[in-house]
Amino acid sequence: MEIEILNVVGSKPLGKITVNDDATIKNVKDKIHQNVKKSLYPSRQAIKIEAKGKVLKDEDTLKSLNIQSGAKLYLKDLGPQISWTTVFLAEYAGPLFVYLWVYQRPWILYGDVSSVHGTVSNVAAICWSGHYIKRLLETVFVHRFSHGTMPVRNLFRNCAYYWLFTLYVAYHINHPLYTAANSLYFLVGLGGFIVCELGNLSIHLLLKNLRPPGTKVRRIPVPDGNPLSQLFNFVSCPNYTYEVGSWIFFTIMTKCAPAGVFAFAGFYQMAVWAIGKHRNYKKEFPEYPKSRKAIIPFIL
């Protein structure tokens, strides 16, 4: 069957392709890359039935979409792409190195400093480093991405967010005039941080095991034998709940206002993501537990 490909911008004709009746949208993308425009590799394409319609999934078939010979499909160029693994490695390596650089109290930030770090500053550096080392290891060995790539332009925005916030937080905690929290705040914050980090890791491992390698299979996540995974009984995205919890307890431990700002900014973005994922779960699975919230048990 023959399909005409139009640009979503101005409905400009780009060319025609020939595919089988049982072809998928992924097959269509491959044909466009081969026969219409070489620079438009599959991950750079978004295919729609209408110029302002929703993006079609790679696994959708033309037959299931009732697309017949002579039909038109609209193509949106997503721009140059980069793999999510590379994105995450860049995002998380920056905060690790930036924080450790500031921890050394470079003269360019503080001038000549003779005082030594206090216990809280030392532990904060270990916690911050441990968090991002964990994130780097999870990126390589744990995460299975449903989307392989993202636009390159987003990399600079994402890295700026993580790297600049790290500089902001680290500057204050490692400042020679920094005043540490008392021992109660320190112990409560450190204990909560460790529990949330372990909880976050347990959720990531559970989600990994939920999706077979090389597939985009989606199932309703439920708690496993790990008690920290029981948060799935209350929220759809407990990994975000634990992530926010880590930074709240880090703020308590350090009594650092910039760390609190970082925690709030992270919560806002993760709440947006969680609400979207929660909505998709309910739409995709009619039997999805109605008692679950998105990110905060019983509230949001």
Find the distance between CG (L78) and OG (S43) and round it off to the nearest 0.5 Å. 8.5 Å
Should V169 and Y110 be counted in the same cluster of Ile, Leu, Val, Met, Phe, Trp and Tyr side chains packed under 4.5 Å apart? no
Here the gap from R279 atom CZ to K283 atom NZ, rounded to the nearest 0.5 Å, amounts to 7.5 Å
Evaluate whether atom CD of E50 has more than 12 neighbouring non-hydrogen atoms of other residues, nucleotides or ligands under 6.0 angstrom away. no
Return yes when atom NZ of K208 has more than 12 non-hydrogen atoms of other residues, nucleotides or ligands closer than 6.0 Å, and no otherwise. yes
Could you walk me through whether Y185 and I252 pass side-chain contact (heavy atoms from CB on, under 4.5 Å), step by step? CA-CA 6 Å; Y185 279 86; I252 293 172; 3.8 Å; yes
To the nearest 0.5 angstrom, please state how far the CG atom of L65 sits from the NZ atom of K57. 11.0 Å
Measure the OH-CG distance between Y41 and D30 for me, rounded to the nearest 0.5 Å. 14.0 Å
For the residue pair V140 and T85, establish whether any side-chain heavy-atom pair is separated by less than 4.5 Å. no
Distance flag, aromatic centroids of F88 and W84, threshold under 6.0 Å: yes
Verdict with supporting geometry, T251 and C256, side-chain contact (heavy atoms from CB on, under 4.5 Å): CA-CA 6 Å; T251 302; C256 175; 5.8 Å; no
Close side-chain approach of I275 and H278, heavy atoms under 4.5 Å: no
For residues P221 and L207, report the shortest heavy-atom separation together with the two atoms involved. CB-CD2, 4.2 Å
Tell me whether M253 shares a hydrophobic cluster with Y242, the cluster being built from Ile, Leu, Val, Met, Phe, Trp, Tyr side chains joined at under 4.5 Å. yes
Would Y92 end up clustered with V98 when hydrophobic side chains under 4.5 Å apart are linked, directly or stepwise? no
Can you check whether D60's main-chain N or O pairs, donor with acceptor, with S64's side chain at less than 3.5 Å? no
Are Y240 and F267, when compared by the centres of their aromatic rings, separated by less than 6.0 Å? no
T241 side chain to I296 backbone, donor-acceptor under 3.5 Å: no
Within the structure provided, determine whether C196 and F249 are in side-chain contact (heavy-atom separation under 4.5 Å). yes
The reported gap from CD1 in I5 to CG in L75 (rounded to nearest 0.5 angstrom) is 7.0 Å
Please examine the side chains of E138 and L201, heavy atoms only from C-beta on, and report whether any two atoms are closer than 4.5 Å. yes
Ignoring hydrogens and geometry, is there a side-chain-to-backbone donor-acceptor pair from K48 to V8 under 3.5 Å? no
Counting only N and O atoms by type, is there a donor-acceptor contact under 3.5 Å from the side chain of H117 to the main-chain atoms of Y103? yes
Under a 4.5 Å side-chain heavy-atom rule over Ile, Leu, Val, Met, Phe, Trp and Tyr, are I248 and F234 clustered together? yes
With the side chain counted from C-beta on, respond yes when L109 and W101 share a heavy-atom pair under 4.5 Å apart, and no when they do not. yes
Identify the heavy atoms of M1 and I67 that sit nearest to each other, and give their distance. CE-O, 3.2 Å
According to a 4.5 Å side-chain heavy-atom criterion applied to Ile, Leu, Val, Met, Phe, Trp and Tyr, with indirect links allowed, do V244 and L198 form part of one hydrophobic cluster? yes
Where V235 and R292 come nearest, the two heavy atoms and their spacing: O-CD, 4.0 Å
S236 versus Y288, side-chain donor and acceptor atoms under 3.5 Å: yes
In sequence, state the C-alpha distance, the side-chain angles, and the governing distance for R135 and H131, and then conclude on side-chain contact (heavy atoms from CB on, under 4.5 Å). CA-CA 6 Å; R135 296 284 285 269; H131 173 82; 3.0 Å; yes
Mind listing the closest non-hydrogen atom pair of I203 and P238 along with its distance? CD1-CG, 3.7 Å
For Q45 and L40, which heavy atoms make the closest approach, and how far apart are they? NE2-O, 2.7 Å
Whether the N122 and T119 side chains hold a donor-acceptor pair (N or O, under 3.5 Å, no angle test) is what I'd like checked. no
So, the side chain of R105 versus the backbone of S115: is there a donor-acceptor pair under 3.5 Å, distance only? yes
Is a side-chain N or O of N182 found less than 3.5 angstrom from the main chain of L184, in a donor-acceptor match? yes
Do the non-hydrogen side-chain atoms of L56 and I49 ever get within less than 4.5 Å of each other? yes
May I ask you to decide if L96's main-chain N or O and S129's side chain share a donor-acceptor pair within less than 3.5 Å? no
Nearest 0.5 Å, please: how far is OG1 in T18 from NZ in K31? 7.0 Å
Please check this pair: side chain of N200 against backbone of N239, looking for a donor-acceptor N/O pair closer than 3.5 Å. yes
Please say whether more than 12 non-hydrogen atoms of neighbouring residues, nucleotides or ligands are located less than 6.0 Å from NZ in K37. no
Below 30° counts as parallel, above 60° as perpendicular, anything between as tilted: where do the rings of Y168 and F165 land? tilted
Would you say that P297 contacts L231 through its side chain, given a criterion of any heavy-atom pair below 4.5 Å between the two side chains? yes
Taking S121 for its side chain and I173 for its backbone only, find out whether a donor-acceptor pair lies under 3.5 Å. yes
Among F97, Y99, Y162, find the residue that satisfies the ring pair (Phe, Tyr, Trp, His ring centres under 6.0 Å) test when tested with W128. Y99
Residue pair R44 / S39, side-chain donor-acceptor N/O under 3.5 Å: no
Measure the acute angle between the ring planes of W247 and F262, then classify it against the limits of 30° and 60° as parallel, tilted or perpendicular. perpendicular
Please report the shortest heavy-atom distance between G94 and W163, naming the atom on each side. CA-NE1, 3.2 Å
Starting from the C-alpha separation in whole Å, work towards a yes-or-no answer on side-chain contact (heavy atoms from CB on, under 4.5 Å) for I82 and M150. CA-CA 6 Å; I82 186 172; M150 65 172 277; 4.0 Å; yes
Does any part of the side chain of V222, heavy atoms only, come nearer than 4.5 Å to the side chain of P289, both counted from C-beta? no
Please determine which of I47, N27, I3 meets the side chain to side chain contact (heavy atoms under 4.5 Å, CB included) test together with I32. I47
Under 3.5 Å: donor-acceptor pair, side chain of K76, backbone of V55: no
